[in-house]
Amino acid sequence: MTTTSKQKPVALITGAGRRFGFELAKALLAENYLVLAHYNSSRDGVAELEQLGAIGLQADLTQQNAVELLIENVKTHTDRLDLLVNNASCFFNNEKVNQDPSALAAVFQVHVQAPYLLIHALSDLLASTGNGVVINITDIYTDSPSTDYIAYCAAKAGLANLTQSFAKQLAPEVRVNGIQPGPILFLPEHDSEHRDKVLAETPLKIEGGLDPMIQAVRFLRDNQFVTGEFIKVDGGRALLI
């Protein structure tokens with residue numbers, strides 16, 4: 001057990017090696033958090049976070065025994081947990097899951113099984129602070145699923161249901177909320193035609209970037225009268241899908 005964990009608020013972020021998870025980890029490190037940065041294979045980003053003081057924890061969230069080992073590792077580093085962000089994701093379309101049964105399983109393991117195990121097993125650490133917070137990253141397609149990503153949308157809907165169930169179960173010591181991102185950051189493989197189409201279907205007409213997501217995390221962390229709720233960070237896109 002590190003003494004550092006008793007002096008600082010502690011956050012566990014899954015999928016911290018890239019994109020939103022990486023930027024959120026940096027933001028929390030700047031706020032003097034002890035950050036437990038989970039990753040599967042995106043090691044480069046976590047190496048940078050470790051240079052800033054984070055603790056990298058590797059685990060394949062598709063494997064239940066790996067999730068259980070991750071939980072054990074978390075408990076060796078801290079006896080409290082102020083913030084758990086279930087951010088890790090695998091974004092597989094119908095073609096991928098139809099051709100690869102392991103991909104279909106992975107969608108539900110990463111988005112439903114792993115968050116369930118983490119929240120359940122770490123609820124005592126979250127409750128020990130008297131104000132523990134869980135934030136689950138779902139998707140705007142939870143409410144209006146895409147026919148191109150049926151399994152992914154169903155899994156994210158499962159995560160949304162877990163959010164509300166655990167919000168009921170763990171109150172008042174732990175609050176559980178969700179964020180539903182929209183077009184916050186395009187992938188490198190998204191061509192200009194795709195980008196133009198998405199932005200045309202987004203009322204605010206911009207790529208949001210990661211700062212609005214981090215602002216949403218801070219709101220859900222700091223507002224002590226919100227639980228079981230979801231914030232759309234999507235530039236209004238959910239209004240049109």
What verdict does the side chain to side chain contact (heavy atoms under 4.5 Å, CB included) test give for Gln164 and Val176, after you've listed the backbone C-alpha separation in whole Å, the side-chain angles of each residue and the deciding distance to 0.1 Å? CA-CA 7 Å; Gln164 295 183 318; Val176 187; over 6 Å; no
In sequence, state the C-alpha distance, the side-chain angles, and the governing distance for Asn131 and Thr129, and then conclude on side chain to side chain donor-acceptor pair (under 3.5 Å). CA-CA 5 Å; Asn131 186 34; Thr129 71; over 6 Å; no
With side chain to side chain contact (heavy atoms under 4.5 Å, CB included) as the criterion, how do Asp79 and Leu125 come out once you've worked through the C-alpha distance, each side chain's angles and the decisive distance to 0.1 Å? CA-CA 6 Å; Asp79 56 4; Leu125 271 64; 5.8 Å; no
Val35 vs Ile55, side chain to side chain contact (heavy atoms under 4.5 Å, CB included): CA-CA, chis, key distance, verdict: CA-CA 6 Å; Val35 174; Ile55 297 172; over 6 Å; no
Test log, rule side chain to side chain donor-acceptor pair (under 3.5 Å), inputs Asp139 and Tyr149: CA-CA 12 Å; Asp139 199 288; Tyr149 292 86; over 6 Å; no
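For residues 205-241, there are no ring-ring contact (aromatic ring centres under 6.0 Å, His included) pairs, not counting sequence neighbours. Legend: side-chain hydrogen bond (donor to acceptor under 3.5 Å, both in side chains) pairs involving residues 102-128, not counting sequence neighbours, sorted by first then second residue: Ser89-His111, Asp100-Ser102. For residues 25-71, no residue pair satisfies the ring-ring contact (aromatic ring centres under 6.0 Å, His included) rule, not counting sequence neighbours.
Residues Val46 and Val67 do not share a hydrophobic cluster, clusters being chains of Ile/Leu/Val/Met/Phe/Trp/Tyr side chains in contact below 4.5 Å. Val217 and Leu52 end up in the same hydrophobic cluster when Ile, Leu, Val, Met, Phe, Trp and Tyr side chains are linked at under 4.5 Å. Ile150 and Leu104 fall into different hydrophobic clusters, defined by Ile, Leu, Val, Met, Phe, Trp and Tyr side-chain heavy atoms under 4.5 Å apart, directly or through other members. Hydrophobic clustering of Ile, Leu, Val, Met, Phe, Trp and Tyr side chains at less than 4.5 Å, counting indirect connections, keeps Ile119 apart from Leu69.
Residues satisfying the side-chain contact (heavy atoms from CB on, under 4.5 Å) test with Glu95, not counting sequence neighbours, are Asn93, Gln99. In this structure Asp148 satisfies the side-chain contact (heavy atoms from CB on, under 4.5 Å) test together with Ser146, sequence neighbours excluded. Looking at residues two or more places apart in sequence or on another chain, you find a side-chain contact (heavy atoms from CB on, under 4.5 Å) between Val133 and Leu83, Ile135, Arg175. Contacts of Lys232 classified as side-chain hydrogen bond (donor to acceptor under 3.5 Å, both in side chains), with partners at least two apart in sequence or in another chain: Asp143, Gln180. Taking Asn161 as the reference, Ser165 meet the side-chain contact (heavy atoms from CB on, under 4.5 Å) condition, with sequence neighbours excluded. By the salt bridge (Lys or Arg N to Asp or Glu O under 4.0 Å) test, Asp44 pairs with no residue at all, sequence neighbours left out. For Glu201, the salt bridge (Lys or Arg N to Asp or Glu O under 4.0 Å) test picks out Lys197, Arg237, with sequence neighbours left out. For Gln64, the side-chain hydrogen bond (donor to acceptor under 3.5 Å, both in side chains) partners at least two apart in sequence or on another chain are Glu68. Taking the salt bridge (Lys or Arg N to Asp or Glu O under 4.0 Å) definition, one finds that Glu229 meets it with nothing, sequence neighbours left out.
Residue Lys26 holds its NZ atom at 10.0 Å from CG of Leu210, rounded to the nearest 0.5 Å. In this structure, Leu57 CG and Asn40 CG are separated by 13.0 Å, a value rounded to the nearest 0.5 Å. In this structure, the separation between CD1 on Ile71 and OG1 on Thr76 is 12.5 Å, given to the nearest 0.5 Å. To the nearest 0.5 Å, the span separating CG on Leu126 from CG on Asp82 amounts to 8.5 Å. Taken from CZ in Phe22 to CG in Leu49, the straight-line distance is 5.0 Å, to the nearest 0.5 Å. To the nearest 0.5 angstrom, Leu122 atom CG is 10.0 Å from Leu117 atom CG.
The residues Glu31 and Lys8 are annotated as not salt-bridged, no charged nitrogen and carboxylate oxygen being separated by less than 4.0 angstrom.
Leu28 and Ile13 make their closest contact through CD1-CD1, 4.0 Å (heavy atoms, listed as atom of the first residue, atom of the second, distance). Residue Val107 comes nearest to Ala151 through the heavy atom pair CG1-O, 3.5 Å, listed as atom of the first residue, atom of the second, then distance. Contact detail for Pro212 and Val233: the closest heavy-atom pair is CB-CG1, 3.7 Å. Pairing each heavy atom of Gly53 with each of Leu29, the nearest pair is C-CD2, 4.1 Å. Scanning all heavy atoms of the two residues, the minimum distance from Phe92 to Ala106 falls at CE1-CB, 4.3 Å. Summarising the geometry of Thr202 relative to Gly235, their closest heavy-atom pair is CG2-O, 3.4 Å, with the distance given to 0.1 Å.
Under a 3.5 Å cut-off, the side chain of Thr78 and the backbone N or O of Val74 do not form any donor-acceptor pair. At least one donor-acceptor pair under 3.5 Å links the side chain of Thr14 to the backbone N or O of Ala88.
None of Asn86, Leu162, Asn177 except one satisfies the side chain to side chain contact (heavy atoms under 4.5 Å, CB included) rule with Val134; the exception is Asn86.
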